[in-house]
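I have placed the structure first, in the form of structure tokens, so that the comments after it can refer back to it.
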Amino acid sequence: SPGATLRFDVAAEDVIIRDEEWTDRTVDEAPVEMAPASALVAEPVIRVGVLYAELGLTSLRMGGRDASDTYELRSGGPGGPILAAGLSDETIATIVGSGSGAQISLALPGGGTLTSPDPVVLASASGFVRIRRVTSDASLYRGTAEVRFNASRTRLVGVNELPIERYLYGVVPRELPPNPYGQPEAQKAQAVAARTFARRRMQFCGASRCGHGYHVVPTTSDQVYGGFTSERAVSSAAVDGTRGLVATYRGGLIETLYSSTSGGWTANSGDVFTNQLPYLLGVPDHERGDALDHVPNPDVFRRHANPTNLRNHANGDFEADWSIYHRWYVSWTPEEMRQVVGRVQSATFVDPGAVYAINVVQRSSSGRAFAIEFVTEKRGTLRETKDRIRSALRYVTYSSSGAMVLNSLRSTLFYLEPIIDPKAETIVGWQAWGGGWGHGTGMSQTGAAGMAEKGRTFEEILGHYYRGVVLERRWE
């Protein structure tokens with residue numbers, strides 16, 4: 001889903017940028033294995049930066065479930081000394097001082113102020129909390145709320161701490177919405193993938209997360225998390241039905257990458273990201289066997305009866321009935337392409353002059369563009385590779401006010417050609433036929449829905465997309 005929106009003024013035009021927030025094709029069905037029971041550990045507790053460092057906040061609000069829900073504030077952590085108890089309504093946190101002397105100032109409901117150099121944790125009588133920037137945010141979370149400094153002690157972050165299974169209640173329905181993807185086995189596959197992803201992020205938590213006091217953020221940078229407000233019965237049942245199950249390879253947690261729609265054939269991880277992982281191999285997203293004839297090609301895309309036109313916001317594939325982006329089409333005028341190419345490898349517009357050619361110079365085994373070059377009049381030849389191609393070759397829409405909007409391309413599974421005026425023999429535009437939405441590595445979420453509809457179990461779904469993995473129950 002689209003991420004941050006940046007606005008630029010370029011040559012009297014209002015242009016909006018919308019980005020999304022990473023050789024072996026042998027495929028044989030290898031059902032996922034279930035590991036024998038081993039010693040179980042306590043259920044992990046995860047820390048979610050619901051108000052994360054990149055937001056740059058200097059104030060935030062915390063409270064219980066509603067104005068009547070009482071809560072206490074503790075210093076340092078859930079077991080720390082009590083700062084205040086029996087509170088209701090909201091406490092507002094701000095920053096006083098700076099540098100090593102910076103402290104968190106807490107404006108208590110009903111009057112009074114407290115200060116603390118350490119994190120402050122709010123635990124409510126109901127077990128539900130709010131932590132938000134503005135009162136219009138109705139999000140509600142299980143567990144505790146915490147306000148703390150970021151790594152540099154210059155901004156505030158808001159953390160929701162809760163057991164990992166309760167966290168998944170708020171992830172699964174946001175990553176695979178039950179309407180329309182309510183198949184229980186697909187929801188279970190999503191639950192296992194999301195659980196494994198989260199546990200691995202906890203295990204390998206770098207400075208961009210743990211440096212600020214949390215394991216994950218609630219966006220597509222990690223996994224979308226909506227808290228209690230987003231919970232749905234079918235998704236919670238899928239979490240409960242797979243409780244503690246994670247996917248492993250040779251005993252280690254796997255990188256359970258997933259994306260909305262593969263376009264017909266998933267990608268090798270090495271074709272999209274830095275490393276080729278042995279369990280993230282390209283596989284077909286259809287029931288027609290593993291013949292390489294079914295790797296998407298230009299004719300397959302051009303012959304599709306009704307591709308979604310990206311400007312306007314059958315088939316046998318698992319995902320075809322479930323995703324409007326299984327096949328898509330987009331076109332550009334010369335001026336639109338000039339605006340697009342003017343931002344390749346640049347945060348601001350750099351006029352490329354005429355765009356002479358756009359060439360896909362290398363493709364991966366899944367048919368995806370692996371390397372692309374833009375041949376221009378004023379900027380020379382610009383080259384981009386792998387998933388970065390999506391933010392280089394943006395497609396164009398227009399806002400209600402007429403502003404040009406540049407959006408990250410849905411996927412790198414596309415075929416591009418110039419539109420030629422046959423009389424003048426000049427380029428009068430560009431067009432692309434494509435398929436899929438997202439990086440295409442690992443599980444196709446809409447493909448999982450299609451497999452479930454056709455009677456596949458969650459174990460079979462996971463075994464199809466993550467090759468040779470084993471499911472292990474790590475906690476009760």
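When all heavy atoms of Glu185 and Phe458 are compared, the pair lying nearest together is OE1-N, 2.7 Å. When all heavy atoms of Ala189 and Met443 are compared, the closest pair comes out as CB-SD, 4.2 Å. The two atoms that bring Pro109 and Asp89 nearest to each other are CB-CB, 3.9 Å, heavy atoms only. Here the closest heavy-atom approach between residue Arg209 and residue Cys205 is recorded as CB-SG, 3.8 Å. Nearest heavy-atom pair across Asp137 and Ile131 is OD2-O, 4.4 Å. Nearest approach of Val157 to Phe149, heavy atoms of both residues: CG2-O, 4.1 Å.
Remark: side-chain polar atoms of Thr256 are paired, donor with acceptor, to backbone N or O of Ala193 under 3.5 angstrom. Panel note: side chain Asp271, backbone Ser364; no donor-acceptor pair is recorded below 3.5 Å. Between the side chain of Arg65 and the backbone N or O of Gly127 there is no donor-acceptor pair closer than 3.5 Å. No donor-acceptor distance shorter than 3.5 angstrom exists from the side chain of Arg142 to the backbone of Phe228, with no hydrogens or angles considered. Between the Ser411 side chain and the Trp437 main chain, no donor and acceptor come within less than 3.5 Å of each other. Of the possible polar contacts, one joining the Arg132 side chain to the Thr135 backbone as a donor-acceptor pair under 3.5 Å is found. With Asp69 contributing its side chain and Ser126 its backbone, the two residues share a donor-acceptor pair below 3.5 Å. At least one donor-acceptor pair under 3.5 Å links the side chain of Lys386 to the backbone N or O of Gly270.
A donor-acceptor contact closer than 3.5 angstrom is absent between the side chains of Arg199 and Gln203. Checked by atom type, the side-chain pair Ser235/Gln187 shows a donor-acceptor distance below 3.5 Å. There is no side-chain donor-acceptor pair under 3.5 Å between Glu175 and Tyr181. Side-chain contact of Ser116 with Asp118: a donor-acceptor pair under 3.5 Å is absent, judged by distance alone.
With respect to Arg166 and Glu161, no salt bridge is recorded, no charged nitrogen being found less than 4.0 Å from a carboxylate O.
For Phe128 and Tyr141, the ring centers sit 6.0 Å or farther from each other.
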